[in-house]
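Chain letters run A, B, ... following the sequence lines, proteins first, then strands; residues in each count from 1. Atoms considered below: every heavy atom in the structure, side chains included; atoms not considered: hydrogens, waters and symmetry mates.
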Amino acid sequence: MAKTLYDKLWENHVVRQEEDGTALIYIDRHLVHEVTSPQAFEGLKLANRKAWRIDSVVATVDHNTPTDGWAKAEGTACIDDEIARLQVDTLDSNIRANGALAYFPFKDARQGIVHVVGPEQGATLPGMTVVCGDSHTSTHGAFAALAFGIGTSEVEHVLATQTLVSKKSKSMLIRVEGALGKGVGAKDIVLAIIGKIGTAGGTGYAIEFAGSAIRGLSMEGRMTICNMAIEAGARAGMVAADDTTINYVQGRPFAPKGSDWDKAVAYWRTLHSDDGAQFDKVVELDARTIQPQVTWGTSPEMVIGINEMIPDPAKEQDPVRREGMERALAYMGLNPNTPIAGVPVDKIFIGSCTNSRIEDLRQAAAIVRGRSVAANVKLALVVPGSGLVKRQAEEEGLDKIFKAAGFEWREPGCSMCLGMNADRLSPGERCASTSNRNFEGRQGPSGRTHLVSPIMAAAAAIAGRFVDMREVL
Amino acid sequence: MDKFVVLDGLVAPLDRANVDTDAIIPKQFLKSIKRSGFGPNAFDEWRYMDVGQPGQDSSNRPLNPQFVLNDARFQGAQVLLTRKNFGCGSSREHAPWALLDYGFRAIIAESFADIFFNNCFKNGILPIVLPAPVVDRLFMETLATPGYRLVVDLPNQVIRKPDGEAIPFDVDVSRKECLINGWDDIGLTLRHADAIHAYEDRRRHEQPWLYNK
């Protein structure tokens, strides 16, 4: 019988299955960061259990770490926030006590956002199950892997047993066909998908993204798409393996070598949905109709094209939705039936596990080159996804372009995506952000977040307001 | 984990869709390395007029009188009634830890986000999905009836209302069993250690690159 990619990944990892479908699923790669792991390591210790296969663990710090001031003191002593420093130090001592396949501690040249570091190191491979105590683990599905976020109890469960208790999800195919318009990229595709199916549209599903527009994307672009599967409600998003996937993986530190490589590639070539495979749901998008996207509200599904008007709650029939829209507009300080283009911005954030890879920085730099950040913009931040992304960008001179324009060029980490460190919005500030969540308070209490692509964020920095950057491209 | 069998609890109505885990427990509290003590900061940004900080004593902070959980009627509530897609966003288990520490043992909604739903079961909280019209009715009755309580009977998979009406609900068999017995998932899984070893032996042969460093 014809199988979906998800069928193949699932079946390959079933250790045992109960009659009601509850299965024990084997986990190949366990990514660990400082925020969601301390209680899991503590639980393991209290129960006097040992890690099942510590070689599956790749760990780094990202959520809490500052993106500047690294030189002012040795090691973690430069982290001013004592509670944050304790959490970073706790991961350090937990890894020292338990081990890991790889650990990139604070200030290591390879440290960075766990979802950037894993693929970059070749620690994320096609056909793997990849988990992490972080919802954006869906990112790794771009490699034809089954990757999803888990809670801390499950982090402990994976540490102790190398498995998870799970039931198979339903399958959804999202097919995006056609050529993308000028200035439209992976971020716009995924925001348009979320706008279409809603933030709960993928709940209970594993999503496969397919179609010519997806196949045409680089691995960076595919990661951006899978990263935000969770914003569509799906724990896992994935893309079939092809030459783009295999070429990206080849030669990376933890990629297979020698005869292992050939065997692996032969297997990876099978990681696609078979012709005629059945999905529980199919959604189609025409890539040619996707406009550059901007969110206007406090949920990623509240999104429109840069050429559109902010919607009017009065036209919404469903009372719960209407109230949600009214609350969002009040929170965001926006008026219905007015254009989103022209809305002025206070801060710019280019970074996060969605958009902090080299391609994202190149796209933003291409807009910024030779221009200056507008006077009304209080802060424009570029936070590379990892130390290696930062180094490569510097080798290409991108840092100089950003700095010459008035951007700050920071050290890697999650930064203003969630504002656990010092990078955040003040109340009422409006931000063009390449991150993934525009929830109330996400980037700082009473901060206002608009999710956009790196190109859109760069153009907003230059103009000081949202603009249809296709006019300047 | 505390057992969940039958709960007779006061109901608090949180009439919002898409309540995300950032709202349930804001980021600054995630710096803790403990799994307890998050209750005073559940819904922190909605609940208080000031911005909360980790380690702060919240007992004297100014409360937001507009926020429903601050209403005297709903103090001591153990059942949270809410709308669709509750718990969306971040996978932070701090969200169910905060709700549990606040006092909630059952959450009724039209739908839940997957990761949050899963995290609830690991912490002795029962998330219950009911159809929108039923949730609507429960909202109306909760608001109209001071001291409105529901009896959540997990063994019989039924919610009993004050007027005697019984509302059946679905729950996964194995999750139900774990909740009723307060079982530790890891202990249960380790009973299958032989199967895990056998799986690994087969994989080492079939896909050696996953094991070779």
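Judged by distance alone, the side chain of B:Asp114 and the main-chain N or O of A:Gly204 form a donor-acceptor pair under 3.5 Å.
Side-chain contact check for B:Gln207 and A:Asn12: at least one donor-acceptor pair (N or O, by modelled atom type) lies under 3.5 Å.
When the candidates A:Gly198, A:Ser153, A:Ala200 are compared by the number of heavy-atom contacts under 4.5 Å with chain B, A:Ser153 comes out ahead. Residue with the most contacts toward chain A among B:Asn118, B:Asp22, B:Ile33: B:Ile33 (heavy-atom pairs, distance under 4.5 Å). Heavy-atom pairs under 4.5 Å with chain A peak, among B:Asn85, B:Asn119, B:Asn18, B:Asn123, at B:Asn85. Looking only at heavy-atom pairs under 4.5 Å with chain B, the residue among A:Glu42, A:Lys263, A:Glu156, A:Arg49 that has the most is A:Arg49. Ranked by heavy-atom pairs under 4.5 Å with chain B, the list A:Glu231, A:Glu154, A:Glu34 is led by A:Glu154. Here B:Lys34 is the residue among B:Arg92, B:Arg175, B:Lys34 with the most heavy-atom pairs under 4.5 Å with chain A. Between chain A and the residues B:His94, B:Arg203, B:Arg202, the largest count of heavy-atom pairs under 4.5 Å involves B:Arg203.
Taking the charged nitrogens against the carboxylate oxygens, B:Asp20 and A:Arg437 have no contact shorter than 4.0 Å, which rules out a salt bridge.
Under the salt bridge (charged side-chain N to carboxylate O under 4.0 Å, His left out) criterion, B:Asp15 pairs with B:Arg83, sequence neighbours left out.
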Next item on the list: Could you check B:Ser90 against A:Arg442 for side-chain hydrogen bond (donor to acceptor under 3.5 Å, both in side chains), going step by step and ending with a plain yes or no?
Entry: CA-CA 11 Å; B:Ser90 158; A:Arg442 171 78 176 182; 5.3 Å; no

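The shortest side-chain heavy-atom distance between A:Asp81 and B:Lys31 falls under the 4.5 Å cut-off. The shortest distance between side-chain heavy atoms of B:Ile115 and A:Arg235 falls below 4.5 Å.
Contact of A:Arg29 with chain B is not made at all, since no heavy-atom distance falls under 4.5 Å. The contact between A:Gln39 and chain B is made by backbone and side chain atoms together, counting heavy-atom distances below 4.5 Å.
Closest non-hydrogen pair, A:Ile83 versus B:Ser32, comes out as CG2-N, 4.5 Å.
For residues 104-112 of chain B, a heavy-atom distance under 4.5 Å to chain A picks out B:Phe112, given by residue number. Residues of residues 183-200 of chain B that come closer than 4.5 Å to chain A, counting heavy atoms only, are B:Asp184, B:Asp185, B:Ile186, B:Gly187, B:Thr189, B:Leu190, B:His192, B:Ala193, B:Ala195, B:Ile196, B:His197, B:Tyr199, B:Glu200, ordered by residue number. Contacts with chain A (heavy atom to heavy atom, under 4.5 Å) involve these residues of residues 39-51 of chain B, listed by number: B:Glu45, B:Trp46, B:Val51.
Note on ring orientation: taking the six-membered ring where Trp is involved, the planes of A:Tyr267 and B:Trp209 are tilted (angle from 30° to 60°).
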